[in-house]
Undergrad: 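Structure in structure tokens, see below.
A note on names: the letters A, B, ... follow the listed sequences, proteins ahead of strands, and every chain is numbered from 1. On a predicted model such as this, the values are computed, not experimentally measured, just so you know.
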Protein chains: 2
Amino acid sequence: MSHTIEMTGVLAPRSAWTADRCTIARTLSVLSTRSAFLILREAFYGTTRFDDFAERAGLSEPVAAARLRELVDEGLLEREPYREPGQRTRHAYRLTDKGADLLPALVALMQWGDRWLDDDGGPVKLEHRDCGANVGVALRCERGHDVEPAEMQLRYNR
Amino acid sequence: MSHTIEMTGVLAPRSAWTADRCTIARTLSVLSTRSAFLILREAFYGTTRFDDFAERAGLSEPVAAARLRELVDEGLLEREPYREPGQRTRHAYRLTDKGADLLPALVALMQWGDRWLDDDGGPVKLEHRDCGANVGVALRCERGHDVEPAEMQLRYNR
DNA sequence: CCGTATCCTGATAGATACTG
DNA sequence: CAGTATCTATCAGGATACGG
């Protein structure tokens, strides 16, 4: 059985099970820290090596090491051994499907910052290769309709 | 002048100005903490009163007070005085346009958690009122095309 | 109902130095 | 290049108590 409720005005999910199972809160437990987001950002940009993660995300090595390990443990990154000729085995950190699926969330944060925190629309834009237009995120229902916030309502899942 | 770069493989924004101006990092400075996200979640759900924020977000009063003040200072929430008949003046916290514009980011985090952290697709779903289908976020360019991650490239803004 | 003031614990994260 | 080991400072956030 499911139950719907207006998104604005009247109040939303209550009672213990909702707070416990809230997937925003649980996602934030996986991505608890600023450094985790920045490591992920670098992974999307194509960074794969330890030192590059630390330097480009602006993190100390211990923090980078801790975050990389946690993200691997959570299944967002995977350590992939590789060996260049004449070198010892090293490890590359790559996004898993689970990690790559966070791209829309990163894009949403970037889009908001571009709009509200930077006078020039942000230092870096994502561009659709085929047509050159900027890429962002949009609210959309599974039937493909664009959705305005006011057109949403909450439905309890069980 | 702008410069483009592949999104995958070859590496992305370098040099000082990018790291400093990165709008993901700056957005995370505004929404630094888990509690800030949870307060915002409650604001979207329609919560307006101090005690409700603290209880529903599962935060202690001091933390709720600190976060509410910061979010007001940042311009994501506004304190609106109101007076019920026979009561003293109270304050309601409401989303500003700037705060409301974070909805896609929250939806993106929720969508990811629903998919990867919950066996049943999450406890609460967003539903398009008109058609009943679930609402999520999608990558889309300004010309309205759906965009796959591999179809994006980065463009430097100045 | 709407907060503030204090105190305390643990986690985040920088600096530095060291190893294979 | 790819980390680990310490040490330390700062901050998030809970508990409790108190005031308008």
Undergrad: Closest heavy-atom contact between A/T27 and B/L109?
TA: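 Between these two residues, the closest heavy atoms are OG1-O, 3.2 Å.
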Undergrad: How many Å lie between CG on A/D51 and P on D/dT4, as a whole number?
TA: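 One finds 12 Å between P of D/dT4 and CG of A/D51, rounded.
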Undergrad: Does one side chain, of B/T33 or A/R34, offer a donor that lies under 3.5 Å from an acceptor on the other?
TA: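 No, because no side-chain N or O of B/T33 sits under 3.5 Å from a partner of the opposite role on A/R34.
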Undergrad: In whole angstrom, what separates B/L31's CG from D/dC11's C1'?
TA: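 Answer to the nearest Å: 17 Å.
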Undergrad: Should A/F50 and A/R90 count as side-chain neighbours, where that means a heavy-atom distance under 4.5 Å?
TA: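 Heavy-atom side-chain distance check fails, nothing below 4.5 Å.
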Undergrad: Between D/dT4 atom C1' and A/F50 atom CZ, what is the distance in whole Å?
TA: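 Distance, rounded to whole Å: 9 Å.
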Undergrad: Taking atom C1' in both C/dC1 and D/dC18, what distance in whole Å separates the two?
TA: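 My reading of the C1' atoms in C/dC1 and D/dC18 gives 15 Å.
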Undergrad: OP1 or OP2 of D/dT4 versus the side-chain N and O atoms of A/R69: is any pair under 4.0 Å?
TA: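 Answer yes for this pair, as a side-chain N or O of A/R69 is under 4.0 Å from OP1 or OP2.
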Undergrad: How close do B/R143 and A/A133 get, heavy atom to heavy atom, and via which atoms?
TA: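 Taking every non-hydrogen atom into account, CG-CB, 3.7 Å.
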Undergrad: In whole Å, what is the span from the CZ atom of B/F53 to the P atom of C/dT4?
TA: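 Spelled out: CZ on B/F53 to P on C/dT4 is 14 Å.
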Undergrad: Can you list the residues that meet the side-chain hydrogen bond (donor to acceptor under 3.5 Å, both in side chains) rule with B/E80, with sequence neighbours excluded?
TA: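 B/R94.
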Undergrad: Answer yes or no: does a side-chain N or O of A/Y82 lie under 4.0 Å from OP1 or OP2 of D/dC1?
TA: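 Negative; the distance criterion is not met.
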Undergrad: Find the distance B/H91:NE2 to C/dC1:C1' and express it as a whole number of Å.
TA: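 Nearest whole value for this atom pair: 13 Å.
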Undergrad: Does DNA chain D take part in any stems of at least 3 consecutive Watson-Crick or G-U pairs (both distances under 3.5 Å), and if so, which ones?
TA: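 For DNA chain D the paired stretches long enough to count as stems (3 pairs minimum) are C:3-20 with D:1-18.
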Undergrad: Does a side-chain N or O of A/Y93 approach OP1 or OP2 of D/dG3 to a distance below 4.0 Å, or not?
TA: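 Indeed, a polar side-chain atom of A/Y93 lies that close.
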Undergrad: Supply the atom-to-atom distance B/H91 NE2 to B/L68 CG, rounded to the nearest 0.5 angstrom.
TA: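 Spacing of NE2 (B/H91) from CG (B/L68) equals 12.5 Å.
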Undergrad: Starting at atom CD1 of A/I39, determine the distance to atom P of D/dA2, rounded to an integer number of angstrom.
TA: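 Taking atom P of D/dA2 as the reference, CD1 of A/I39 is at 13 Å.
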Undergrad: Please state whether the rings of B/Y93 and B/F53 are parallel, tilted or perpendicular, taking 30° and 60° as the class boundaries.
TA: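 B/Y93 and B/F53: perpendicular rings.
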Undergrad: Which is it for A/D118 and B/R21 under the side chain to side chain contact (heavy atoms under 4.5 Å, CB included) test, yes or no, and what are the steps along the way?
TA: CA-CA 8 Å; A/D118 191 286; B/R21 290 184 56 211; 3.1 Å; yes
Undergrad: How would you summarise protein contacts on nucleotides 12-20 of chain C per nucleotide, using B for base, S for sugar-phosphate only and - for none, with heavy-atom distances below 4.0 Å?
TA: SBBBB---B
Undergrad: Stepwise, does the side chain to side chain contact (heavy atoms under 4.5 Å, CB included) test hold for B/V135 with A/R140?
TA: CA-CA 5 Å; B/V135 178; A/R140 172 127 41 112; over 6 Å; no
